[in-house]
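One structure is given here, and the rest of the page talks about it.
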Amino acid sequence: MTYLVTREGNKWTDVYRLVPGETMTIGRIPTNRIVIKDERCSRRHAEVFNTEAGWVYRDLDSRNGSFLGSQRLDADSTLEVGDAVRIGQVYLQLVDDVSQVFSDGSSIIHKDALTGKNIESGSDPNVHVLTETEEKQITHRTKETQFLTEKNLPDDSVAINQVGQAATALLRLACDLAQADNLSQLCEMTLSGLCDETNVEAGGVLLLPPDIQEQHPTAAHLEIFTTKTNTDEVYHRCTDFLATTVLQTGEAILAQNAIEDSQLGGRDSHGEIHATSVIVAPICGNHGILGAIHLYSTRLDMTPDPLDLEFTLAVAKPVGVALDNLRQRDALADDLNLVQAQTVELIKLLGAESEIVGISNGIEKVNQEIVRAAPSRSTVLIRGESGVGKELVARAVHYASPRSDGPFVCLNCAALTETLLESELFGHEKGAFTGATARKRGKFEASDGGTLMLDEIGEMSPTIQAKFLRVLEGHAFERVGGSEPIRADVRVIAATNRDLEKDVEEKLFRRDLYFRLHVIEIMVPPLRKRPDDIPLLAEHFLQKYNQETGRKIRGFTHEALDALVHYRWPGNVRELKNVIERAVVLTQGNYLEVDDLTLSNLGTVGDSVTGLVVNEQYEARSLADMERMHIQATLNATDWNKSRTASILGIERSTLDRKIKRYELKG
C-alpha cells in the first residue's frame, strides 16, 4: 500500500490511498481527488499516477509550480517513498507506512463542522480518535462544500458543466425540501434526490433522538429513519466506524474501495460485503449534529467521486435546517394540543365551579371567552338581557383567575340610592350621616386581593361614576366622611343589560368610564337563542328542587319538554328556574306536564325593540313585504340609527343600506 499524506505547516491533515490504475488529481476545485485550499494552488494543479517505474508526479503547467525541495518539477518526476512535494504551503508526502509519519507524535487536524475551529486528535479524550489502520481507509474528507462557493470556475468545459448541473440539481432539491410537510416526506425527498444525482445505488437517513443528552454521540445512538435502494438488495446500515467518525469529527467522508475492508463495508448475514464505495455526511442543525446521510454503491463501475461528496454535504445543510424547523413545529403543535386539552378541562372545571350549564355554541363561546379573560387583570364588561346568568359568568372568571383564593364580592348598583351606593362601595366613617353608628368597610376594601362585581352598572349615578372611574384608574379613595386615603387591589367585573352606547350618546353614562370598562367584553346570549340548553337547564333545576323539597319527580312529559323548548323565555334562565321551582312544588304527579308549567304571555326584549304586533287575524303577506315592514319598524324604533338597527337585525351595515335602497324606505 502507498499513500499520499498532506501536511500544512507542522501538522499532518489528511491521508489518501493511491490505487494502481487510478489517477490522483490535485487542485483547488472540488472535482479533484485531493483538494488544496491554497490560493497558490491552481484549479487543476497536478496529478499522480502509477507506471512500471513507480508513482509519477506530473505538474499540469500550474502558475506557481510544484517543488521537491528547492527543485521545481516541470517534467514528469518519479517519486520515492519519503519524498514531499510542496504546493504553496501544503506538502504531499509519499509513504508506504502511515505509522512512520506520526512516529514523532504529530496529530491529525480535524475541523469541527459547527464551529470551524481546528481540533487536534487526542486533545479531548471524549473525541473519537481514529487508529492508523482506520485513518488510511478514508480516501476523501471535507467539512464545507465548495462547488457553489468557488469564485473561480474550472478551466475545462466538462468540469464547468458538472458544477452547473450539480448547482441546478441542488437548487431544485432545496426548493422541494422547503415544501416538506413532515419528517418522512423530508427524508424521502432527500434520498430520492441524492440517488438521482450521485453515483450511488442505495442510502439511508440516520437520525439521533431529539432528546439525546450525549455530548459526543456515537453510531450506537443513530436510528435508521428512511432508506432507499435502486436494486433488489435490501439496505445495509452504515458501519459503526464510519458513522462514529462523522458524528465526532463533523466531516463528510468518502471511502472508496470499501469492499476491501470490513470496517468500511458492512457484512450481511452471509458474511459478504456489498458496498464498493461509501459516502457519509453529517446533518447539522442550529445546535449540533442531528444525524447522518449514508450513501453507497455496490457496483465497481459506479463509484462516487469527490464532487458527489461535495454535493451530498451541500444537500445535508438544508436538510438540517428543515429538520430543525419541522421538529420545532411539531413541538409547538404538541404544546398547542396540550393547551387545548387543558382549556377543555378548565372549561369543565368552570362549569362545576360556577354552575354554568349548557352545550350550545353560544355557551361554548362564553366559556372560551372566560378562559381567555381570566388570567389577566383587565376589567371585564359582561352584557346580556336580564336573567341570562351574568353573575355566574363573573364568578367563573373569578374562580379561573389567579385571584380565585381571594374574595368575590357582588353589588347590585340598581338596588341602592346614590348615598347608600357610595357608602356600600367606599365605606363610611362613624357619624358620616344619620344612622352611621359605626365605621364600615366598603365593597372595595372587602374585595381587596379578589374580584368586585358591579351588577347593573348602567344604573350608577353620574356623581358615583366620576368617583368610581378615579378608583379604577389606580387612585386612592376615601370613606364617606373620612379623610384617610385607602388603596385596594381589586379586579372589577361590570355587568349590564342596558345599551351603554346609547346611554353615552344621551349623556346618561360617562364616555371615559365606558371605555375604561369596555376592555374585555363577554356577551351572554339570551335563552331563546340557545334552545339546545333548555332541556339541560330544566333537568338541572328539576334535580335541584327535588333535593330541596324532598320530592321525587322523575322528569318531564314530551309535551311539557316541547313547550319549554318552543317558549320565548322573556325572563331567560331566571324565569326558567322559577317556572321549574313552582312546578316541582305544586305538581301532584311523577312527571311534570304542560299544565304544571306557568308560562307568561310577555314579549321578549327583541319583540319590544322592533315594536311588531301580531294581529289576531291572519293576513297573507310575502316574505319581502314582511322583511320591508320589519326593517322599517326597527329603523323607526332606533330613530334611524343604522348601526344599532343592523346590530338588532343581525346583518352588516352595508347589507342594511342595500335593503333600504331596494325597499325605498324613508324616515
Side-chain angles (χ1 to χ4, degrees), residues 378-395 397-398 408-428 432-433 435 440-447 450-473 477 479-480 488 490-527 570-575 577-578 602-606 608-609 637-639 641 644 647-648:
S378 303
T379 304
V380 179
L381 178 62
I382 303 174
R383 308 181 73 165
E385 296 177 9
S386 179
V388 294
K390 297 187 288 294
E391 183 176 344
L392 294 182
V393 174
R395 289 182 182 275
V397 173
H398 170 73
F408 177 80
V409 179
C410 185
L411 177 64
N412 190 327
C413 299
L416 302 170
T417 64
E418 179 178 325
T419 303
L420 289 178
L421 178 59
E422 183 179 10
S423 173
E424 285 294 321
L425 281 175
F426 309 114
H428 62 256
F433 51 84
K440 178 182 177 181
R441 298 172 66 221
K443 299 300 184 184
F444 266 103
E445 289 183 78
S447 56
T451 304
L452 172 62
M453 179 195 174
L454 298 177
D455 199 6
E456 304 298 344
I457 190 72
E459 305 297 332
M460 187 180 287
S461 67
T463 303
I464 304 299
Q465 289 179 30
K467 190 170 183 180
F468 176 54
L469 174 62
R470 181 173 176 81
V471 177
L472 278 182
E473 291 177 342
F477 61 92
R479 298 189 187 97
V480 177
V490 177
R491 181 185 191 176
V492 173
I493 298 179
T496 184
N497 62 357
R498 294 176 61 96
D499 186 348
L500 291 184
E501 289 83 357
K502 181 180 178 181
D503 289 347
V504 170
E505 292 177 358
E506 296 176 356
K507 301 186 184 305
L508 298 176
F509 197 82
R510 292 181 63 97
R511 180 182 297 270
D512 46 5
L513 178 57
Y514 167 76
F515 289 117
R516 185 64 181 81
L517 293 173
H518 197 257
V519 178
I520 299 176
E521 182 180 75
I522 299 178
M523 293 291 298
V524 184
L527 186 57
N572 292 293
V573 180
R574 182 184 293 118
E575 182 184 4
K577 176 182 177 182
N578 295 335
L602 295 175
T604 64
V605 174
S608 63
V609 170
T638 61
D639 295 330
N641 186 321
R644 289 183 58 203
S647 177
I648 293 172

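The structure presented is a predicted model; accordingly, all values stated were derived computationally and were not measured.
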Q: Name all residues meeting the side chain to side chain contact (heavy atoms under 4.5 Å, CB included) criterion together with Val480; count only those two or more places apart in sequence or in a different chain, and write none if there are none.
A: Glu422, His428, Ala432, Phe433

Q.
A quick test of your reading: do over 12 heavy atoms of other residues, nucleotides or ligands sit less than 6.0 Å from NZ of Lys467?
A. yes

(Q) Are the side chains of Ile522 and Val393 in contact, using a 4.5 Å heavy-atom criterion? (A) yes

Q. Atom CZ of Arg395 and atom OG1 of Thr451: how far apart are they, to the nearest 0.5 Å?
A. 10.5 Å

Q) In chain order, what residues pass the side chain to side chain contact (heavy atoms under 4.5 Å, CB included) check against Leu472, with sequence neighbours excluded? A) Phe468, Val492, Leu513, Arg516, Leu517

Q.
Could you check whether any side-chain heavy atom of Leu381 comes within less than 4.5 Å of a side-chain heavy atom of Leu500, counting everything from C-beta outward?
A. yes

(Q) For Asp499, give me all partners under side-chain hydrogen bond (donor to acceptor under 3.5 Å, both in side chains), at least two apart in sequence or on another chain. (A) Arg644

Q | Pairs satisfying ring pair (Phe, Tyr, Trp, His ring centres under 6.0 Å), at least one member in residues 497-516, at least two apart | A | Tyr514-His518

Q. Between Leu411 and Leu416, is any pair of side-chain heavy atoms under 4.5 Å apart?
A. yes

Report all side-chain donor-acceptor pairs from residues 440-447 shorter than 3.5 Å, counting only partners two or more places apart or in another chain.
unit_1 : atom_1 : unit_2 : atom_2 : d
Lys440 : NZ     : Glu424 : OE2    : 2.5
Arg441 : NH2    : Glu445 : O      : 2.9
Glu445 : OE1    : Arg479 : NH2    : 2.9
Glu445 : OE2    : Arg479 : NE     : 3.0
Glu445 : OE2    : Arg479 : NH2    : 3.4
Ser447 : OG     : Lys443 : O      : 2.7
Ser447 : OG     : Phe444 : O      : 3.3

Q) How many angstroms lie between atom CG of Leu454 and atom SG of Cys410, to the nearest 0.5 angstrom? A) 8.0 Å

Q: Kindly indicate, with the supporting measurements, whether the criterion side-chain contact (heavy atoms from CB on, under 4.5 Å) is fulfilled by Phe477 and Arg470.
A: CA-CA 8 Å; Phe477 61 92; Arg470 181 173 176 81; over 6 Å; no

Q: Return the set of residues passing side-chain hydrogen bond (donor to acceptor under 3.5 Å, both in side chains) with Ser461 (not counting sequence neighbours), or none when no residue passes.
A: Glu418

Q: Using a 4.5 Å cut-off on heavy atoms from C-beta on, say whether the side chain of Asn641 contacts that of Glu505.
A: yes

Q.
Ser386: which residues meet the side-chain hydrogen bond (donor to acceptor under 3.5 Å, both in side chains) condition with it, sequence neighbours left out?
A. Arg574

Q.
Going by side-chain hydrogen bond (donor to acceptor under 3.5 Å, both in side chains), name the residues that satisfy it together with Asp512, two or more places apart in sequence or in a different chain.
A. Arg510

Q.
Can you tell me how far apart CG (Leu392) and CD1 (Ile382) are? Round to the nearest 0.5 Å.
A. 9.5 Å

**Q.** Distance in Å, Ile457 CD1 paired with Ile493 CD1, rounded so as to fall on 0.5 Å steps
**A.** 12.0 Å

Q: Output all residues satisfying side chain to side chain contact (heavy atoms under 4.5 Å, CB included) with Leu508, sequence neighbours left out; order by chain, then residue number.
A: Arg498, Asp503, Glu506

Q | Minimum-distance pair of heavy atoms, taken over all atoms of Lys390 and Gly384 | A | NZ-O, 3.3 Å

Q. Which residues pass the side chain to side chain contact (heavy atoms under 4.5 Å, CB included) test with Asn412, sequence neighbours left out?
A. Ala414, Ala415, Asp455, Glu456

Q) Would you say Arg491's side chain and Ser378's backbone share a donor-acceptor pair under 3.5 angstrom? A) yes

Q: Taking salt bridge (Lys or Arg N to Asp or Glu O under 4.0 Å) as the test, write out the residues that go with Arg383, two or more places apart.
A: Glu501, Glu521

